[in-house]
Number of protein chains: 2
Amino acid sequence: MVTIKDVARLAGVSMTTVSRAFNEKAIIKAETRKNILAIADKIGYVPNFNARGLVTKKKFIIGVFFSSLHDGTSTSFFSAAIGSLYDALPDNYLLSINDIKRVNSFEQLVQNRVDGVLVVSQSDDDDEFIYQVKSSGIPLVVINRYISDREICNIASDDFAGLKDGVDYIASRGHKRIGMIEGIAGFTSSVQRRQGFDQSVISNNLTPVEAAIKIGDYSSKTGQEKMAEILALPKEQQPTCVVCGNDDTAIGALRACYLNGVKVPDDISLIGFDDIFYSSVSIPSLTTIRKPIGQMAGLGIKDLIAIINGEKVDIANRVKIQPQLVVRESVAKL
Amino acid sequence: MVTIKDVARLAGVSMTTVSRAFNEKAIIKAETRKNILAIADKIGYVPNFNARGLVTKKKFIIGVFFSSLHDGTSTSFFSAAIGSLYDALPDNYLLSINDIKRVNSFEQLVQNRVDGVLVVSQSDDDDEFIYQVKSSGIPLVVINRYISDREICNIASDDFAGLKDGVDYIASRGHKRIGMIEGIAGFTSSVQRRQGFDQSVISNNLTPVEAAIKIGDYSSKTGQEKMAEILALPKEQQPTCVVCGNDDTAIGALRACYLNGVKVPDDISLIGFDDIFYSSVSIPSLTTIRKPIGQMAGLGIKDLIAIINGEKVDIANRVKIQPQLVVRESVAKL
DNA sequence: AAAGGTAATGTTAACGTTTTCATAGGAGGA
DNA sequence: TCCTCCTATGAAAACGTTAACATTACCTTT
């Protein structure tokens, strides 16, 4: 293994100088640096991260923790997040992707292994883990879910505004009687989306159909069940459009319509939330509200790196990213 | 930061003894170990991986490299793979998930950072990277795609047998005239799947419809285009079933049928390959062949760890895992 | 010309482990 | 009783960096 020592000898300088040549901000003559870098390249020197980390106390690893990797849901979300994470990641950092549920040894997996933690949270269940990280003093950013603790750097999407935009669009297409299949009861996202729904109902003077407002759980399976219940309502109680808590729910709902011989959007309209990949190829393709996962991930990593580097980050001023309406085929014009 | 030194002092032993207490295979009196571990736990000692790695020359990180994280395709595949990877991973290892396409500095990201590399390969494009790893002497396992180089530890699925089983099933449902939308031309997986198709055609005495055999590229978009071409054929040239190179292709094909008012499976049947999550909720749900990604990932990590530990792994005896037919709604009984 | 400052580089001591080699103390055999 | 062997432990070096501090040499200022 070729070390800094070998480079130093060949370049006729000290180890320190070689070290400086490799560290951007160090004071060193440009010519010396160039010479050292050339020699290092020639003999194939690569810095040893263990040695470097031992003295700098850094690991050059960011731990990314997802709510759950095993659930079949939100998989395109998952890879979209990772892709954007890498786009914003400094070159010499590694990303360690983990499942919060399988962190059996916090010390082994987190405490001594990563410089910072980015939680891509989808569920209140993550709070325990989040507070464990917070209290251990490791730099922390939580994205994708609203966290009420203002001491935690948090980047979420404005689900309220997103849902409101979506329902405004539905209203603009002439719908009056609308239903909803909500997300998991109690989740911040479910509450905010419901509030966006209510707000639009008021401002557009819509008629929410009580019997067609159901509690779901963000899964396709439940989406299908709840939609079947809605379709079983007497004709005069049917809504003309059902707002789904997320795209997975909408896809289940779509399937319920299919099984009951109900045509979307001819007989009934549907709208989702998230804009997962399958929304663009489903039958019919799904009008939905695109969750800005890429932006959240990018900003999250940026903030996290800043916190790690000891820079001042305005944590209290939490970021809310605006979702965007994606019009496709599932909402009819009445 | 509490170190091994602190534990040693409190336990009244040397650093060496404490180190031994933490290393399973070391010679140490059971009572001494127990005592040391208790004290370490009490004062919150956690081994420093950088220091440990510096002397043992290990990083306790496995690099996992995917063909592409950015393509919208095969995302459930992606998370299924990662989940299974973790199931088989020793406790103190970290997984660094990467995109082959964004490895701009091999030295920075691979050479000095990971103990071994697991490539989840989906494309011939990966070969350059694979050979770079191989020639740098880093322990390597390639899964999910057949590699002809017998010096590389390789675990793939038996796509030939999988496709054959699928077409046998189609034949058993009474289909005679069948078409196909193949994968990317030249890819080993495409070739093997085509061969499985041909084999079943012969043994079941089926009639492949020349005009309905298309070259695709494993994407939904192309699947949709090619299926539209097939549907545009004159009535007497129409196949009763189209075999799709993968589920994404099938989902595109499904959409082409929908847009042309053709009912699946009433008017025409479809079968996919992979068993991605959306196959189970598509309209209609997709009969497909399940690719054993979990098994491949598990075996892959197991072999890789063995290679890293210097154990003898029978590389030449490559593993082929059998895919499994998943019957759903998209193939009609004639 | 002396004093002070600055830019560039060098010396040396950490950083927290594991490993190599050494040592102490019994147990067992002759 | 002495020697040998084995088990359990310890002392010290090594791993490859960076950081703190020291040292040049030259340049400016008075």
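We use all heavy atoms of the structure for the numbers below, so side chains are in, but hydrogens, waters and symmetry mates are not. Just so it is clear: chains get the letters A, B, ... in the order the sequence lines come, proteins before strands, and each one is counted from 1.
Toward the 5′ end of DNA chain D lies the nearest nucleotide of T16(B), the other residue of the pair I4(A) and T16(B) mapping further downstream. Residues G12(B) and V55(B) both approach DNA chain D. Their nearest nucleotides, taken by heavy-atom distance, put G12(B) toward the 5′ side.
Residue S19(B) places its side chain closer to dT19(C) than to any other of dA8(C), dT19(C), dG16(D). Residue R20(B) places its side chain closer to dT9(D) than to any other of dG16(C), dG10(C), dT9(D). Here the side chain of S14(B) is nearest to one of dT18(D), dG10(D), dC15(D), namely dG10(D).
Ion pair K302(B)/D87(B) not flagged as a salt bridge, since none of the NZ, NE, NH1 or NH2 atoms sits closer than 4.0 Å to an Asp/Glu carboxylate oxygen. Between K57(B) and D115(B), no side-chain nitrogen of the basic residue sits less than 4.0 Å from a carboxylate oxygen of the acidic one, so the salt-bridge criterion is not met. Electrostatic pairing of D125(B) and K101(B) does not count as a salt bridge here, judged by no charged N lying under 4.0 Å from a carboxylate O.
To the nearest 0.5 Å, the span separating CD1 on I4(B) from CZ on R9(B) amounts to 13.0 Å.
N50(B) has its CG atom 12 Å from the P atom of dT18(D), to the nearest Å. One can place CZ of R9(A) at 14 Å from C1' of dG16(D), the figure rounded to the nearest angstrom. Rounded to whole Å, atom P of dT18(D) lies 12 Å from atom CG of N92(A). One can place NZ of K58(A) at 17 Å from P of dT17(D), the figure rounded to the nearest angstrom. Put simply, CG on L54(B) is 17 Å from P on dA13(D), counting in whole angstrom units. Rounded to an integer number of Å, the gap from I27(B) CD1 to dT18(C) C1' is 15 Å. Protein atom CE of M15(B) is 7 Å distant from nucleotide atom C1' of dG16(C), rounded to whole Å. Rounding to whole angstrom units, CG of residue N48(B) and P of dA14(C) are separated by 18 Å.
Closest approach of V110(B) to I138(B), counting heavy atoms only: CG1-CD1, 3.8 Å.
T17(A) comes within contact range of the sugar-phosphate backbone alone, with a heavy-atom separation under 4.0 Å but no base atom that close. Residue contacts shown for I28(B) are limited to sugar-phosphate atoms, with no base heavy atom under 4.0 Å away. N23(B) comes within 4.0 angstrom of sugar-phosphate atoms only, judged by non-hydrogen atoms across all strands, and of no base. Residue F22(B) is out of contact with every strand shown, counting any heavy-atom pair closer than 4.0 Å.
Side-chain contact annotation: Y45(B) with K5(B), donor-acceptor N/O pair under 3.5 Å absent.
F187(B) has its ring centre no less than 6.0 Å from the ring centre of Y146(B).
A heavy-atom distance below 4.0 Å to DNA chain C is reached by these residues of residues 32-42 of chain A, ordered by number: T32(A).
When the side-chain nitrogen and oxygen atoms of K5(B) are compared with OP1 and OP2 of dC15(C), none of them lie within a distance under 4.0 Å.
A donor-acceptor pair is defined here as one N or O able to donate and one able to accept, closer than 3.5 Å; no such pair exists between the side chain of T17(B) and the backbone of V13(B).
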